[in-house]
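The structure displayed is predicted, hence computed values, not measured ones.
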Amino acid sequence: MLDKLIDSCCSDGIPFLSPNKQEEEEKPVKPMNIVLPKKKKRNDIEIDTTTDNNNNTTTTTTTPTATATTTSGGKTSSSEFSGSQTKYGEVVWDNLPLNAREAATTLGFQKDTWDADGWPDSEDTWWADLTPDEQFAAKTLGYDQAAWDNQYEETYWKDLPDVAKRAATFVGFTAATWDADDWPANGNKEWNDLTEAERKAYMVLGYDKNAWD
């Protein structure tokens with residue numbers, strides 16, 4: 001009987017849809033475990049050494065690496081990045097400022113999950129789907145939408161916040177390599193293999209152990 005019905009529909013030009021076939025639009029869900037793509041390594045650092053015989057000095061210029069970087073505003077060091085700049089990622093629960101601890105609690109953290117680099121449900125949620133209270137809490141910890149959703153990976157250099165530019169420069173990016181998605185060599189390390197200074201700089205960009213490994 002079903003075969004006859006199918007033949008009849010097809011002969012009349014009416015498309016037949018199986019009663020079990022349903023088309024649903026599913027809202028994208030942020031994956032629980034974000035995997036950092038192992039992007040291209042930087043080219044070997046080029047060293048340009050210039051000697052000034054008149055002043056008996058030697059100047060060495062290299063592509064920026066995860067060491068102190070000289071900027072127009074002075075020297076940038078890892079100690080510059082702290083507090084809400086690093087999303088408090090380097091601070092244990094008991095040492096968090098009260099407002100940061102309350103914000104972390106709103107996002108689902110507790111002492112044990114915070115100190116153990118835990119992964120609350122809120123971190124599986126896109127910024128647009130966070131409640132207003134959760135968005136406020138995330139801002140209190142230092143996040144904006146780009147840092148929360150994709151660690152600025154979809155943001156052009158010119159649109160990065162100044163502190164994110166300084167952090168990116170610290171770990172070895174330039175404007176050109178950032179926009180070309182060309183990562184420095186330390187981008188291929190495991191989180192625990194990064195230096196403390198590198199981890200703090202990457203925290204500025206929105207990374208933590210879960211988002212990185």
Side-chain angles (χ1 to χ4, degrees), residues 27-39 66-68 76-155 160-173 183-184 186-213:
K27 191 172 185 179
V29 178
K30 193 174 184 181
M32 186 166 185
N33 292 315
I34 300 175
V35 178
L36 176 71
K38 296 304 181 183
K39 304 182 181 181
T67 56
T76 299
S77 68
S78 63
S79 62
E80 176 182 349
F81 307 126
S82 61
S84 62
Q85 292 179 335
T86 59
K87 303 5 176 208
Y88 296 97
E90 80 283 11
V91 183
V92 297
W93 182 266
D94 289 340
N95 292 338
L96 285 173
L98 179 59
N99 66 331
R101 192 183 308 169
E102 291 175 344
T105 301
T106 298
L107 292 170
F109 284 102
Q110 297 176 349
K111 174 180 169 63
D112 56 346
T113 53
W114 179 273
D115 288 343
D117 294 320
W119 192 254
D121 291 342
S122 62
E123 290 201 36
D124 300 329
T125 306
W126 296 106
W127 181 271
D129 295 326
L130 294 173
T131 67
D133 285 346
E134 288 172 335
Q135 287 187 2
F136 182 81
K139 289 177 181 178
T140 299
L141 294 180
Y143 287 94
D144 58 20
Q145 182 169 0
W148 180 271
D149 281 345
N150 51 53
Q151 295 76 45
Y152 296 111
E153 287 191 14
E154 297 179 10
T155 304
L160 288 174
D162 287 343
V163 67
K165 287 181 182 177
R166 296 198 302 271
T169 300
F170 184 87
V171 295
F173 283 105
W183 277 63
N186 56 42
N188 290 290
K189 293 181 180 180
E190 297 298 325
W191 182 257
N192 290 337
D193 293 332
L194 294 169
T195 67
E196 180 182 358
E198 289 169 339
R199 285 196 298 270
K200 289 175 69 174
Y202 279 117
M203 287 174 188
V204 174
L205 300 178
Y207 287 103
D208 56 20
K209 180 177 175 60
N210 290 296
W212 183 272
D213 287 340

Which residues share a side-chain contact (heavy atoms from CB on, under 4.5 Å) with Asp133, sequence neighbours left out = Thr106, Thr131
note = Applying side-chain contact (heavy atoms from CB on, under 4.5 Å) to Asp94 and not counting sequence neighbours gives Lys111
Check whether [X] reaches the backbone of [Y] with its side chain - one donor and one acceptor, N or O, closer than 3.5 Å.
X: Trp212; Y: Arg199; value: no
X: Trp183; Y: Gly172; value: no
X: Asp149; Y: Trp126; value: no
X: Lys87; Y: Tyr143; value: no
X: Glu134; Y: Ser122; value: no
X: Glu198; Y: Thr195; value: yes
X: Thr113; Y: Phe109; value: no
X: Trp114; Y: Gly89; value: no

What are the two closest non-hydrogen atoms of [X] and [Y], and how far apart are they?
X: Ala164; Y: Tyr152; result: CB-CE1, 4.2 Å
X: Asn210; Y: Gly118; result: ND2-O, 3.2 Å
X: Leu141; Y: Ala100; result: CD2-O, 3.5 Å
X: Met203; Y: Thr86; result: CB-O, 3.5 Å
X: Glu123; Y: Trp148; result: CA-CZ2, 4.0 Å
X: Lys165; Y: Leu160; result: CE-O, 3.6 Å

task = Could you check if a side-chain atom of Pro97 sits within less than 4.5 angstrom of a side-chain atom of Tyr88, using non-hydrogen atoms only?
result = yes
query = Under 4.5 Å between any side-chain heavy atoms of Thr140 and Ser84, yes or no?
reply = no
With rounding to the nearest 0.5 angstrom, report the [atom1] to [atom2] distance, [X] to [Y].
X: Gln151; Y: Leu205; atom1: CD; atom2: CG; answer: 8.5 Å
X: Thr155; Y: Gln145; atom1: OG1; atom2: CD; answer: 9.5 Å
X: Lys139; Y: Leu130; atom1: NZ; atom2: CG; answer: 10.5 Å
X: Leu96; Y: Glu102; atom1: CG; atom2: CD; answer: 11.0 Å

task = Starting from the C-alpha separation in whole Å, work towards a yes-or-no answer on side-chain hydrogen bond (donor to acceptor under 3.5 Å, both in side chains) for Asn186 and Tyr202.
result = CA-CA 11 Å; Asn186 56 42; Tyr202 279 117; 2.5 Å; yes
task = Let me see the working for Asp112 and Trp93 under side-chain hydrogen bond (donor to acceptor under 3.5 Å, both in side chains), right down to the final yes or no.
result = CA-CA 8 Å; Asp112 56 346; Trp93 182 266; over 6 Å; no
query = Can you find a side-chain donor-acceptor pair between Trp191 and Asp208 that sits under 3.5 Å?
reply = no
